[in-house]
Structure formats: C-alpha cells, structure tokens
Amino acid sequence: MSSLQFWKPGTSAPGSTLDRDTQAEGSLISSAPSYAPLSVQSQRERLPIYKHRDKILYCIEKYPVAIVVGQTGCGKTTQIPQYLYEAGWAAEGNIIACTQPRRVAATSVAGRVASEVGSILGDEVGYTIRFEDVSDKERTRILYMTDGMLFRETLVDPLLSRYSVIMVDEAHERGIYTDLLLGLLKKIQKKRPSLRLVISSATLDATSFLNYFTSSSSRDDAIIVSLEGRVFPVEVAYLREPTADYVKSAAMTAWNIHLQPYPGDILIFLTGREEIDRCLEELSELIPTRPKHPRRLIPLPLHAGLTSDEQLRVFDTADRDTRKVIIATNIAEASVTIDGIKYVIDSGFVKIRVYNPRTALASLATVPTSRASATQRAGRAGRTAPGVCYRLYPLSAYETMAESTPAEITRTDMTTPILQLKALGIDDLMKFDWVSSPPSESVLRALEGLVAAGMLGEDGRLTVIGAQVAECPVELGIARMMFKSKDFQCGEEILTIAAMTSVQDVFIIRDGAPGALDELERRKFTAEEGDHLTLLNGKQSSSVQSILCSLSPLAYNAFVRYGKSLSWCKSHALSFRAMSRAVSIRSQLKKYMQRFNLPIHSCEGDGKRLRQCLVSGYWRNGARWVADGTYRSVRGNQTLHVHPTSVMFTRKPRSGWVVFHEMEETKKTQIRILTEIEPDWLLEHGHVLVDKRSAQS
DNA sequence: GAGCACTGC
C-alpha cells in the first residue's frame, strides 16, 4: 500500500490524501496558502518584538526574574540586550550578559548585534566561548557567552559581580550547564538582589521556571512576559494510521510534496545516520519515476558526522527549477537553522543519551520526541513564510508524548558537575535547589567516585587536589592522569592523550567504497599496546619515538609535524576540525598543568610508564580478556565487546588485561579506546576502591 | 568480526 493519509486536527473532513497516484485530486492541505509577499523590514523598530519593549523593560525593572516566552526568531536574543543597554542597565561599568547553549549561537548573535549597534565586534558588543574571548574588559557592555562559560566564571567570581542583568537564553532546552547556572543564579540573587535575571523559554516550560523562581511567601519574585507567537503559521498534519516504517513513509511524503506545483524546500527529521542513508536510497528509487517533472529534487543528508563542507551544502541556494530535501538528525532542530524550509516531515523519534548510574553505563536510546520538541521541529517550516508540518504518527501518539524532554541533568554522569559545585562551596547537595533534581543514585555514585579518586575526603569535603581538578575542563579520570603524570614523568604525552580523548569524531569514514580506503588509512597507525598510544619509529624526530594517539590512524604528533594541514587530514581520513580542536585543548590544558606546578616531561618512548599513568586515571575501567574474544569488567564482571574502531578489535592483549576510556551500551555493551596493561598495575596505581576490595577477598 | 543523537568547559 503506497498511500499515506494525513489529516489536520480540527477539520471534520479526512483531510488530504498524500498518494503518488491520486495527488491530482489536489486536496493536499499544503495547497497554496495565501499570504502577502514580505517586505524587507530592516528597521529594529519594526520587528514584532519592538511593541513589547516597554513591557519587557518594566518587568525587568520591577521583578527580580522575568521569564520571557517567545518563539525562535521573534528577536528576543538580539533585541532584549539592546533594550536593556539603551535603558541604562550597562551604566557604571556593568555588563549585560546573554548566555547560549551553543558556541555558534553565541558568536553569530554577537556579530549581528554588534552591527546593529554600529560597533566593532569585541568592542561594545562581544562574545566569550572556550578558546575565544572577543570582548574588551573595559569597553564591552553586551556580552554573549556559552552557559558553560558563565558557570565556570562563578569559580572565579562567585557573585558574578560584573553583571547587572543575566539573560539565560534557550533555557527550555535544559542542558546541564543551563540547569546548573540557574541553580547558582537563584542563590546569587539572594546575596545580590540587584541582579536581574531574564530567562528565555518556550511556552510549555515557562510555568515550571515561574514556580522555580517564586517563593511561597511572595508573588513578586518572578513574572512571565509573553511575546507574540511566531511570525508565520505552520499547519500540522498527522498520519491517520501509524506507519510501520517511518523512513520509507518520510521518503514517500517528501516525494508527494515534490509533485505538488508549489515551491519550498523540505526538511525531514530522522534519528541517525543509518536512517538517513536508507531514506536517501528510498528517495533515489522514487526520483526516476518522473524524469520529466519540471522541478528537480535534490536530497541532502545532514548530521554531525559529515565534514563541514558537506554540512554547508544544505545552505546552497537551490536553482529555480530545483527543490532541496534535507534529511537530518536532531541537529536541525536547534543547532542548524536553514531558511527557506516550507515543509517539515517529522518521524517523531530522536536518539538521546541515557546514563544509568547503577551500572555506570551510557546508552543511546531511540525514543519518541516530546511535544515541545515536535513543536520546535514544526516551527522550522515557518521561518520565512507559512509552512506545513507532516507528522508521521497519529494525533493519538502525539497526545501520549511527554511535554518536554527530560532535563539533561537527570540522565547524565554527575561526577564532574558535583565536583564543581563542591568547589563553589556547595556542600550539602541534597539541599541544593535544583531546577530538576538529578536521581539520588546518580549523586551518591558521583560522591563515591570522588572520594575513591581522592578528590573528596571521607567527610565529603574537597581535598587540595580536588579543588585543582575542579578547575580543569576534562573528565575526572583524565584530570587524575594529568596530576599523576608527575610521578611517571610523562606529562607531555598525557596532555596529548587528554586532548585527543576530549574530541569526538576524529575519523571520518565515508560511505561505501571510499569508506574502505578510509579504514585502511586508519589502520596504518596501529600501535601494539592499543588505542591510546602508538610508538612510531621516527628517525628524524628529535625524540627517538613519538607518541601517536591512535583512536585511529590519526596521530596528533603527525598532524602537528605535517604543519597542521587540512590536506594532510583529508588524505588520512582525519577530521581537520577535530584535530585543530585537539591542538587548542592541549594548549589550554598545558596552562592548567603549569599553573599547578606540574612538570611537563616526556617519557621518551617509555610506553610502560605512560601506560601505568593511564591506569591511574582509568583505574575503574579495567577489563580481562576471555577466550571468546570479549572482555569481563573488573567492576561488575560484565561482558564487554570491543568497539570495531579499536586497534584491539582484532588482537588479544598479551597480558590479557586492558583499561578503556569509555563503555557504552548499544545492542551490546561496548568499550572504546583501550590499552593493554599488566593486571598488577590496577592494584598498584589504581585506587582505594580496588585496594579495599582486594583486601576483603 | 563490525558501528557512529547532540552539546559544553
């Protein structure tokens, strides 16, 4: 059956039939919406948000917390800080801050606002993200920054005293740093009542933020300021019956839209690369069936695994007689905004990372989206003109969806965040006023791990090393290696490994035949001892052997030696973006080591010392090889499978033992980035946790 | 013998 029937709620008629054979009947709900052509409104005063200007300013003046509700694109991010600036909130050296969950948002918005204000970026208007501070200590009045960056600033200035107003944008996304920041800001405001908070959120979550910021005794703590809805309406249609294969249905729906005589690009939401590839195949089977169709359909994949060049293709303006259909992951829901999308096709599913504190396992689960997320996806069709969203599920399924996606803090490892809170002097975590509490199991487990690692004493108070590690922007185990590298004289190499394990998607393996070549490139750098290090017999190199970090065939040192070049990366299946980022991270971490007076020596090719140092960070991640080629975890005796990208995938460790960087549950429990070790080291360089257990047995 | 949602410091 090739027919997909959609209907629009609120109409008694069954709506339209999206059928490749019967589309000529033309009752498609997307047919010719009538709207006036847009005139370009460049004047700020003519933005829809402008008429709310006085109301916004009044509420911020009168209420400690203003929760601003407005759809993406209404101008709140660019305009509200400017209104505040004009109203004098940045007088006397004060700064108006606006936090963003993503780096791109912080940089691009700052650029736009700087030009609206008529200033050079980095002067009156600036931004701060990791590795980039484009602001002026004296002159910057409006500062855009990532929320993680402002959270970190509280370690240095606990009252955030430079700021008169802090606007937390996209708070409804509920990223972990947004949540942590909101908790801190509520606390700061008690000590510094003059600080004003603006929380920007989507409709559904506004009341939960209002409740969070409202005390039982007062109604004047917080207020919701509602800005007008979106500029362009988006019609929503649901499938009448559930579909067994939403990938195929998505392709068919896109094709049926394409057969309509109306222009506009299409955006499809699927969950991952595999589905995107399959959807591309389904579409390519449909495309030749109408070779003489006046308009050409151009399918474009969009997911984080693509190179930036490939990602940028979705922004190419299509020719007049073509139509783009962008097949994307959740990256297009908020991170990447494409104008000109008129039709959205929503599978209704998303992949999210879930953390199980009991087993310390992270897994990727495909789950139904939330209603808030479905609304956000639909909104992507109405950015520049009215649009239509086809949901590949029935209205009844929509009604069973959760209102919003659970906050990240409820499904993530809390070890690092809790160490940071401890460093801020927040000792009683059970009393901390969370926007959403992390599961108590997750807090307890984090505390236990921090005590075992020597970051907290048995009394739960921060140790000297704990205070220093809290400042380092790396995972706990990696930080521990950095500190222990003093004993093993291998700081140089540990820095590289710390940087390389902090970046993802170092390797770019293409689809099909080229992918096999990429694999070959990757294998060229294989190291005997495993993924973390490869000893390279370099003749001309000043040290006899150079360390290569081989998540892959990409070696950090080789990258540096070949002039950090893009073409070198391309020919070795490496991501230039990821490698360049590793270079930045390494230099940042180096500064931390210098500040803590940690020597940065090279182990001069002594892989044993280096691997012992690795054990001091990965002491909880030991595993033993068993005859069927799998491993058993030291903790929990779980069956572990080696990830296919590991150089240990094909070989047995001589000692029979490894440590690994991370463990993730897919269809099986897999371990990534492993290195062979001697089992004794786990006892010697591991920690109290291991010692205690062996003492008991 | 086989796999990769997305951010952030």
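Order of the sequence lines sets the chain letters (A, B, ...), proteins ahead of strands, with each chain counted from 1.
Residue Q670(A) has its side chain nearest to dC4(B) when only dA2(B), dC9(B), dC4(B) are considered. You'll find that the side chain of R102(A) is closest to dT7(B), out of dC9(B), dG1(B), dT7(B). Closest approach to the I331(A) side chain among dC6(B), dC9(B), dG3(B) is made by dC6(B) (side chain taken as heavy atoms from C-beta onward). Distance from the side chain of R152(A) is smallest for dC9(B) among the nucleotides dG3(B), dC6(B), dC9(B). The listed nucleotides are dA5(B), dG8(B), dG3(B); the one nearest the side chain of H643(A) is dG3(B). Comparing dC6(B), dA5(B), dC9(B) against the side chain of R130(A) picks out dC9(B) as the nearest. With dA2(B), dG1(B), dA5(B) as the choices, the nucleotide that has an atom nearest any side-chain atom of T650(A) turns out to be dG1(B). Of the candidates dC6(B), dA2(B), dC9(B), the closest approach to any side-chain atom of T146(A) belongs to dC9(B). Here the side chain of P473(A) is nearest to one of dC9(B), dC6(B), dG1(B), namely dC9(B).
Here dC9(B) presents its C1' atom at 13 Å from CG of L181(A), a figure rounded to the nearest Å. The CD-C1' distance, from E408(A) to dC9(B), rounds to 13 Å in whole Å. Distance R581(A) CZ to dG8(B) P: 7 Å, rounded to the nearest Å. Following rounding to the nearest Å, Y631(A) (OH) and dG1(B) (P) show an atom-to-atom distance of 15 Å. The CD-C1' distance, from E664(A) to dC4(B), rounds to 9 Å in whole Å. Going from atom CG of D179(A) over to atom P of dT7(B) covers 19 Å, rounded to whole Å. Atom CZ in R353(A) sits roughly 11 Å away from atom P in dC4(B) (whole-Å rounding). The interatomic distance linking R672(A) (CZ) with dG3(B) (P) rounds to 14 Å, in whole Å.
A tilted orientation is assigned to the rings of Y592(A) and F596(A), their planes being inclined by 30° to 60°.
If you take CE on M414(A) and CG on L450(A), they are separated by 10.5 Å, rounding to the nearest 0.5 Å.
Comparing S502(A) and T271(A) along DNA chain B, the residue whose closest nucleotide (by nearest heavy atom) sits nearer the 5' end is T271(A). A residue-by-residue look at K667(A) and T416(A) shows that K667(A) has its nearest nucleotide of DNA chain B further toward the 5' end.
For residues 407-422 of chain A, the set of pairs meeting the salt bridge (charged side-chain N to carboxylate O under 4.0 Å, His left out) definition, not counting sequence neighbours, comprises K422(A)-D427(A).
Nucleic acid contact class of H641(A) (heavy atoms, under 4.0 Å, all strands): none. At a threshold of 4.0 angstrom between heavy atoms, the contacts of T666(A) are confined to the sugar-phosphate backbone, with no base atom among them.
Of the candidates T107(A), T77(A), D169(A), D169(A) is the only one forming a side-chain hydrogen bond (donor to acceptor under 3.5 Å, both in side chains) with Q100(A).
Distances shorter than 4.0 Å separate some side-chain N or O of R103(A) from OP1 or OP2 on dC9(B).
For an aromatic pair to be called close, the ring centres must be under 6.0 Å apart, and Y618(A) with H661(A) satisfies this.
Side-chain contact check for S135(A) versus Y144(A): every heavy-atom pair is 4.5 Å or farther apart.
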